[in-house]
Engineer: 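There's a structure below that I have some questions on.
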Amino acid sequence: MISELRDFNIGEDKVEQLNFLLYGPIGAGKSSVINTIKTIFEERLYVNYLAAEGSTSQTIYYKKCEVGNSKDGFLPFTFNDIMGVEKGNQCGVHTDDIISTLKGHVKEGYQFNPNSPLTELNLYYRKNPSMSDRIHCLVYVIPADRLSMIDEDTIQKMQRVREEAKRMDLPHVIFMTRVDVACPITKKDLRSVYKSKKINKKMEECSVALGVQKSCIFPVKNYHEEKDIKEDINCLMLDALTKIVHWADDYVVKYSSKLSSSEL
Ligand SMILES: Nc1nc2c(ncn2[C@@H]2O[C@H](COP(=O)(O)OP(=O)(O)OP(=O)(O)O)[C@@H](O)[C@H]2O)c(=O)[nH]1
Ligand SMILES: [Mg+2]
C-alpha cells in the first residue's frame, strides 16, 4: 500500500498533488492524523507538540502539509490542517471560510478569524483558483469517544459544509479517530476494530449525524503515545488513504476539463 500510494499517478497532468482538507471539532485529532500519515511514510515518529486537551483550537493557521522530504521526494498528496469547529458564531473556524477553502480561495498562512470570514480584499484571498488550488476530498475528523458530546450547533455547521460539498460533487468521508479510547477491545487489539459492536454503533451514529454513508466512514487510530512504529496502526490508516486517494483522483479527472473558474 505504501509503494502504491507513493507512486500514485494522478489522472490529470496539470494537478501534481491531491489536496485533502481535514475538518472537525476541536481536539478531534486532525493534526494527529497528519502526524500519523507522516510517521507512516517517513518511517519515524512524528509527535504533535501542540496536541493538547485544550478547550480552544490549537491550530489557528491554514497549513498545507506535504508528506516526504526533498531528498526522497514528496508524495502526490497534501493534507490541509485547519482550526477546529466550535459552537457559536464567534468561536472556531468560520463555516464560510471552510467553503472558501474547498474552492481554493484561501492561501496558506491565513490566520482564521472566528469573527469574520475571509473576503476578497484580504491578502490571503486567491481570486482565481485553479484545480490544483482546490480541495479534492473533504475529510471529516470525528472522535469516536466524544461523538455524543458534539453539540447541535457544531453538527449543524458541519452539515452546512457537507451540503456545499454535495453541491460541488466533492467526495467527503469521515475519519473516526480515537477508536482505542472508545472501545477497550479495540485498544487491546486494533485488528478487531471492524468486529467491534461498539465501533460499529459509533459509525452508524456518525453516519446519521452527518449524512455520510457507512462505506465512507473509516475508523482509524493515530499515533499518540507509542514509542515505535506499529503495523496495525499503519494498515488501518493506509487502507483508508488508498480509498480516498482514488476518490479524490476521480474528482480531479471528472472536473478538470469542466472547470474554468470557481463556479463549481
Ligand atoms: N488515544 C488516542 N488519542 C488520540 C488519537 N488521535 C488524537 N489523539 C489525542 O487527542 C488529542 C487531540 O488531538 P489533535 O490532533 O491535537 O486534535 P486537533 O483536531 O488537531 O485539535 P485542534 O487543532 O485543537 O482543533 C491529543 O491529545 C492527541 O494525542 C487516537 O487515535 N487515539
Ligand atoms: Mg490541530
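Both ligands and their constituent atoms are indexed starting at 1 by order of listing. FYI, the numbering just counts along the sequence from 1. Quick caveat: nothing in here was measured; it's all calculated off a predicted structure. FYI, side chains are in, hydrogens and waters are out, and symmetry mates aren't considered; it's all heavy atoms of this structure.
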Engineer: I'd like the name of whichever of H224, E226, R146, K187 reaches closest to atom 3 (N) of ligand 1 through any heavy atom.
Structural biologist: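 Among H224, E226, R146, K187, the closest heavy atom to atom 3 (N) of ligand 1 belongs to H224.
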Engineer: Determine whether a donor-acceptor pair (N or O, by modelled atom type, separation under 3.5 Å) exists between the side chain of S256 and the backbone of V252.
Structural biologist: yes
Engineer: Indicate whether any N or O donor in one side chain lies under 3.5 Å from an N or O acceptor in the other, for N80 and Y62.
Structural biologist: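 A pair is found: one side chain offers a donor N or O, the other an acceptor, under 3.5 Å apart.
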Engineer: Are any of the N/O atoms on V220, whether in the backbone or the side chain, positioned under 3.5 angstrom from an N/O atom of ligand 1?
Structural biologist: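 Among all N and O atoms of V220, none is under 3.5 Å from an N or O of ligand 1.
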Engineer: side-chain contact (heavy atoms from CB on, under 4.5 Å) between T186 and D180: does it pass, once the steps are laid out?
Structural biologist: CA-CA 5 Å; T186 306; D180 54 317; 5.5 Å; no
Engineer: Any Lys/Arg nitrogen of R160 or E163 sitting under 4.0 Å from an Asp/Glu carboxylate oxygen of the other?
Structural biologist: no
Engineer: Does S32 reach ligand 1 with a nitrogen or oxygen that is under 3.5 Å from one of the ligand's nitrogen or oxygen atoms?
Structural biologist: yes
Engineer: Within the structure, does V179 bring an N/O atom to less than 3.5 angstrom of an N/O atom in ligand 1?
Structural biologist: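 Between V179 and ligand 1 (N or O atoms, distance only) the closest approach is not under 3.5 Å.
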Engineer: How many angstroms lie between NZ in K157 and OH in Y23, if you round to the nearest 0.5 Å?
Structural biologist: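 The OH atom of Y23 is 7.5 Å from NZ of K157, to the nearest 0.5 Å.
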Engineer: Below 4.0 angstrom from a heavy atom of V181, which ligand 1 atoms are there? Numbered from 1 as shown, please.
Structural biologist: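 The list of qualifying atoms is 1 (N), 2 (C).
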Engineer: Tell me whether the count of non-hydrogen atoms from other residues, nucleotides or ligands lying under 6.0 Å of NZ in K230 goes above 12.
Structural biologist: yes
Engineer: What about K30: any of its N or O atoms under 3.5 Å from an N or O on ligand 1?
Structural biologist: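 There is such a contact, yes.
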Engineer: To which of K221, R178, M176, E225 does the heavy atom nearest atom 11 (C) of ligand 1 belong?
Structural biologist: R178
Engineer: Taking only heavy atoms of I26 into account, list the atoms of ligand 1 that are under 4.0 Å away from them.
Structural biologist: 25 (O)
Engineer: Which of the numbered atoms in ligand 1 are under 4.0 angstrom from any heavy atom belonging to G27?
Structural biologist: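 Answer for ligand 1: 12 (C), 17 (O), 18 (P), 19 (O), 21 (O), 22 (P), 24 (O), 25 (O).
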Engineer: Between F77 and M131, is there shared hydrophobic-cluster membership here, with clusters defined by ILVMFWY side-chain heavy atoms closer than 4.5 Å?
Structural biologist: yes
Engineer: Quick one: does ligand 1 sit under 4.0 Å from the side chain of N222, the backbone, both or neither, non-hydrogen atoms only?
Structural biologist: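 Answer for N222: both.
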Engineer: Does S32 bring an N, O or S atom to under 2.8 Å of the Mg ion (ligand 2)?
Structural biologist: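 Under 2.8 Å: S32 has no N, O or S contact with the Mg ion (ligand 2).
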Engineer: Please confirm whether G29 comes within less than 3.5 Å of ligand 1 when only nitrogen or oxygen atoms on both sides are compared.
Structural biologist: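 Yes.
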Engineer: When you group the ILVMFWY residues by side-chain heavy-atom contacts below 4.5 Å and let the links chain together, are I99 and V173 in the same group?
Structural biologist: no
